[in-house]
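Everything below concerns the one structure shown next.
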Amino acid sequence: MTAPLHEASAGDATATVDGAPDAPGTPDDSGASGKAIEGRSPWKIAWTRLKRDKLALAGAFVVVFLILVAIFAPVIVGLLGHPPDEFHEDQIDPLFGTPIGSWGGVSGDFLFGVEPVNGRDVFSRIVYGARISLLVAFLAAVFAVFLGTVLGVIAGYFGGWIDAALSRIMDVMLAFPQLLFTIALVSVLPNEFLGLDGSGVRIAALVLVIGFFGWPYVGRIVRGQTLSLRNREYVEAAQSLGAGRFYILRRELLPNLIAPIMVYATLMIPTNILTEAALSFLGAGVKPPTASWGQMLSTAITTYEADPLFMVIPGLAIFITVLAFNLFGDGVRDALDPKGSR
């Protein structure tokens with residue numbers, strides 16, 4: 001009898017052609033396997049996009065550099081400058097009150113020159129001024145984001161009369177003249193308040209006022225995002241399983257609101273820096289002799305014709321800081337945008 005067709009002979013078991021590919025689905029005896037496809041979280045995808053944005057990385061580098069300068073201002077001034085409130089009359093022309101030498105008195109001892117009339121070190125005051133600008137901008141942004149997030153989520157999720165009331169409050173706040181209110185408030189502040197004195201009172205007032213008038217912008221964005229998220233399938237599933245409202249707010253909605261909140265916070269900080277500089281320019285900022293970029297610009301108005309560099313340097317400090325934060329904020333927005341092409 002002939003052997004069945006499906007039975008292989010003894011020699012066929014080892015009769016394979018060298019180099020022939022394995023049959024589909026056959027495990028590779030050598031142990032080599034193809035690289036497994038690794039899933040990526042939204043944050044990993046965002047970080048990958050952000051790394052490809054050179055302008056955003058440059059802005060982030062400048063932002064980190066400025067933060068380090070503000071933190072280590074005493075060390076930097078001790079190495080490269082002079083105390084910010086120390087007068088150097090020997091660097092001032094007694095007849096005209098302008099710095100001796102060209103370019104506003106720039107030299108090896110005074111890297112950015114000296115202030116007219118009193119001879120204070122401009123470099124030291126720029127470094128210490130970064131502390132005021134960044135401190136006010138960051139704290140005001142944190143206050144505005146916290147208040148805007150809480151009220152925006154409540155308005156968007158609960159709806160009804162709560163949403164209507166909070167929305168009208170936002171409209172009123174957006175129409176309120178913030179600048180005039182801040183100037184009026186600062187003018188009546190006492191020198192000592194809640195354990196603070198001098199410039200500490202002004203800084204606290206600036207943080208509260210800028211943050212308080214900034215929360216409606218965050219609240220509107222968060223409210224709109226919450227309205228679009230509260231009817232999603234995962235929210236309805238949590239409701240069907242008996243989850244309470246505050247559990248859904250904390251575990252289902254807030255994690256999905258982090259991205260737009262982060263984007264708006266990074267874009268709010270440069271606006272706060274400009275607001276603080278404008279208020280200091282108008283005399284509603286920190287009290288002299290505390291260094292402030294806006295205050296330096298205000299002082300330079302009377303001497304810019306004789307010493308233009310004294311106006312250029314604080315102006316450049318504000319411009320570079322705001323530009324760096326804007327570039328970084330735009331990069332974060334593009335990286336966290338799920339529909340972005342980058």
Side-chain angles (χ1 to χ4, degrees), residues 58-94 96-139 197-200 202-203 206 269-270 273-274 276-281 283 285-325:
F61 175 80
V62 175
V63 167
V64 172
F65 173 75
L66 290 170
I67 293 173
L68 293 177
V69 166
I71 293 173
F72 297 104
V75 178
I76 296 172
V77 169
L79 294 174
L80 302 175
H82 304 268
D85 300 329
E86 184 176 271
F87 288 4
H88 299 274
E89 290 88 353
D90 58 322
Q91 301 294 320
I92 300 298
D93 187 331
F96 300 102
T98 56
I100 298 174
S102 57
W103 298 102
V106 173
S107 64
D109 290 333
F110 299 93
L111 300 181
F112 291 166
V114 296
E115 286 190 356
V117 181
N118 52 48
R120 290 183 297 193
D121 188 358
V122 174
F123 172 78
S124 300
R125 294 185 68 78
I126 288 291
V127 171
Y128 272 88
R131 280 187 155 189
I132 300 298
S133 295
L134 294 179
L135 180 66
V136 171
F138 274 106
L139 292 181
D197 58 352
S199 294
R202 293 286 186 94
I203 292 174
L206 290 175
I269 291 174
I273 292 174
L274 290 175
E276 185 277 329
L279 291 171
S280 296
F281 181 85
V286 294
K287 287 186 175 182
T290 304
S292 170
W293 294 343
Q295 188 185 96
M296 294 175 71
L297 283 175
S298 178
T299 306
I301 289 178
T302 57
T303 59
Y304 76 93
E305 291 183 352
D307 185 12
L309 195 65
F310 183 42
M311 176 175 282
V312 170
I313 290 177
L316 279 177
I318 296 173
F319 172 75
I320 292 172
T321 304
V322 172
L323 179 62
F325 273 102

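Note that the coordinates shown come from a computational prediction; the quantities given were computed from them, not determined experimentally. Values reported hereafter were calculated over all heavy atoms of this structure, with side chains retained and with hydrogens, waters and symmetry mates removed.
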Minimum heavy-atom distance between [X] and [Y], given as atom pair plus value:
| X | Y | value |
| --- | --- | --- |
| Leu297 | Pro314 | CD2-CG, 4.0 Å |
| Phe123 | Leu80 | CE2-CB, 3.8 Å |
| Ala291 | Val286 | O-CG2, 4.5 Å |
| Ile100 | Asp93 | CG1-N, 3.6 Å |
| Ala73 | Val127 | CB-CG1, 3.5 Å |
| Ala70 | Leu134 | CB-CD1, 4.0 Å |

Looking at [Y], is its backbone amide N or carbonyl O close enough to the side chain of [X] to form a donor-acceptor pair, meaning the two atoms are under 3.5 Å apart?
| X | Y | answer |
| --- | --- | --- |
| Arg125 | Pro84 | yes |
| Ser298 | Gly294 | no |
| Ser124 | His82 | yes |
| Arg131 | Ile71 | yes |

What distance do [X] atom [atom1] and [Y] atom [atom2] have between them, rounded to the nearest 0.5 Å?
| X | Y | atom1 | atom2 | answer |
| --- | --- | --- | --- | --- |
| Thr299 | Arg120 | OG1 | CZ | 7.5 Å |
| Leu135 | Ile67 | CG | CD1 | 11.5 Å |
| Ile273 | Phe138 | CD1 | CZ | 7.5 Å |
| Asp85 | Asn118 | CG | CG | 9.5 Å |
| Ile301 | Phe281 | CD1 | CZ | 3.0 Å |
| Met296 | Ile318 | CE | CD1 | 9.5 Å |

remark   = Per side-chain contact (heavy atoms from CB on, under 4.5 Å), Glu115 is matched among Asp307, Val122, Thr303 by Val122
request  = Would you kindly say whether Glu276 and Ser280 are connected by a side-chain donor-acceptor distance under 3.5 Å?
outcome  = yes
